[in-house]
Amino acid sequence: MDVEKIEGDIYKSSSQNQSIISRLAPSLVFYTDIISIVVRASRKAKRNRYDTSDWCLSSIETLRALERVGVQLEISGMNSFKMLEGSCVFIGNHMSTLETFVLPTLIAPYKDATFVVKQNLIEYPVFKYVMRARNPITVGRSNPRDDLKAVLEGGMERLHAGISIIIFPQTTRTPVFDPAQFNTIGVKLAKKADVPVVPIALKTDAWGNGRYLKDYGRIDPAKKVYIAFGKPIKIKDRGAEEHQQIVQFVMEKLNSWNQALESGSS
């Protein structure tokens with residue numbers, strides 16, 4: 001795939017010279033870039049010309065836009081899925097809009113993938129064309145039984161076609177990880193399809209959740225972004241033990257990142 005890739009197992013943002021306006025108004029500068037990225041992507045998607053390479057390009061443009069306003073990213077564990085044969089299910093906590101925009105450039109250059117998303121995302125003005133172009137699995141989040149059926153049926157179809165699935169089992173984005181809200185739907189899909197899961201721990205609250213428009217919260221460069229991929233896990237029996245492994249991975253990473261931030265280290 002002829003797109004810029006994040007090479008290696010670990011990626012850390014390098015220091016950049018910021019403009020005065022980026023330092024004074026990071027949210028304004030960032031969302032100006034995001035609007036341009038989404039509009040250009042939507043135009044191509046509306047004409048059925050938005051492929052995986054385009055998706056990766058939009059994603060890495062978003063990553064660079066974050067860095068330009070001073071947001072630092074640290075990404076680790078990418079070799080855990082780059083070396084994995086066949087499709088898999090990526091399962092992670094859901095903290096902000098950032099992961100939806102940034103994960104494609106980390107995953108899709110190496111594994112064709114799509115998301116499980118809320119139904120309203122494919123009806124969202126302008127952005128809906130981009131989401132529909134990626135053939136996501138849609139859920140309503142109001143009927144767990146219907147959501148499970150949609151994920152299992154749609155997920156099986158895509159996984160057997162070589163398309164990996166990225167799923168956030170929480171019912172909504174939240175800056176605090178609550179294991180009780182982290183359901184087993186991804187594990188059930190991986191078990192049924194006989195593919196491994198790859199855990200993802202995410203600390204992405206640098207892109208805040210808005211009070212009125214949840215997707216457009218404050219951008220806070222003082223908050224470092226962390227993304228970590230865990231080792232693939234094969235699901236055995238009912239998957240309860242593997243689910244706990246994923247929860248433990250997320251909790252341990254979040255705790256270590258919070259401690260590092262509190263101590264002022266990276």
Visitor: For this output row, return yes or no: ring centroids of F127 and F101 closer than 6.0 angstrom.
Guide: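 Aromatic pair counts; centres sit under 6.0 Å.
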
Visitor: Begin with the C-alpha distance, continue with both residues' side-chain angles, and end with the deciding distance and a verdict on side chain to side chain contact (heavy atoms under 4.5 Å, CB included) for L98 and L66.
Guide: CA-CA 9 Å; L98 187 149; L66 286 164; 3.5 Å; yes

Visitor: Charged N to carboxylate O below 4.0 Å: is that the case for K234 and D194?
Guide: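 Looking at K234 and D194, the cut-off is met.
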
Visitor: Over 60° means perpendicular and under 30° means parallel, so tell me whether F168 and H94 are parallel, tilted or perpendicular.
Guide: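 Parallel, since the angle between the ring planes stays under 30°.
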
Visitor: Counting heavy atoms not belonging to R23, are there more than 12 under 6.0 Å from its CZ?
Guide: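 Enclosed.
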
Visitor: Just checking E241: does its CD atom have more than 12 heavy atoms from other residues, nucleotides or ligands closer to it than 6.0 angstrom?
Guide: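 Open: at most 12 neighbouring heavy atoms sit under 6.0 Å from CD of E241.
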
Visitor: How about Q248 and Q244: does a side-chain donor come under 3.5 Å of a side-chain acceptor?
Guide: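 Q248 vs Q244: no donor-acceptor pair found between side chains.
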
Visitor: Inspect the contact between E61 and R40 and indicate whether a charged nitrogen and a carboxylate oxygen are less than 4.0 angstrom apart.
Guide: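 Looking at E61 together with R40, the answer is yes, because their closest N to O distance falls below 4.0 Å.
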
Visitor: With a cut-off of under 6.0 Å to the ring centre and 45° to the axis, is K203 in cation-pi contact with Y226?
Guide: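 No, a cation-pi geometry is absent between K203 and Y226.
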
Visitor: Mind checking whether F81 and F90 have ring centres under 6.0 Å apart?
Guide: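 For F81 and F90, the ring centres are under 6.0 Å apart.
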
Visitor: Is there a donor-acceptor contact under 3.5 Å linking the side chains of T184 and K188?
Guide: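 Note: T184 and K188 side chains meet the donor-acceptor criterion.
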
Visitor: So, T97 versus T100: side-chain donor-acceptor pair below 3.5 Å or not?
Guide: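 Checked: T97/T100 side chains show no N/O donor-acceptor pair below 3.5 Å.
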
Visitor: Can a salt bridge be assigned to the pair K224 and E74 using a cut-off of 4.0 Å between side-chain N and carboxylate O?
Guide: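 The answer is yes: the pair qualifies as a salt bridge.
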
Visitor: So do the side chains of I137 and V117 get within less than 4.5 Å of each other, counting heavy atoms only?
Guide: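 No, too far: nothing below the 4.5 Å cut-off.
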
Visitor: With a 3.5 Å cut-off and no angle check, do the side chains of S27 and Y216 form a donor-acceptor pair?
Guide: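 Y216 and S27 do not have a side-chain donor-acceptor pair below 3.5 Å.
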
Visitor: Would you say CZ of R218 has more than 12 non-hydrogen atoms from neighbouring residues, nucleotides or ligands within 6.0 angstrom?
Guide: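 Result for CZ/R218: open.
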
Visitor: NZ of K149: more than 12 outside heavy atoms within 6.0 angstrom?
Guide: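 Atom NZ in K149 is not crowded, with 12 or fewer foreign heavy atoms closer than 6.0 Å.
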
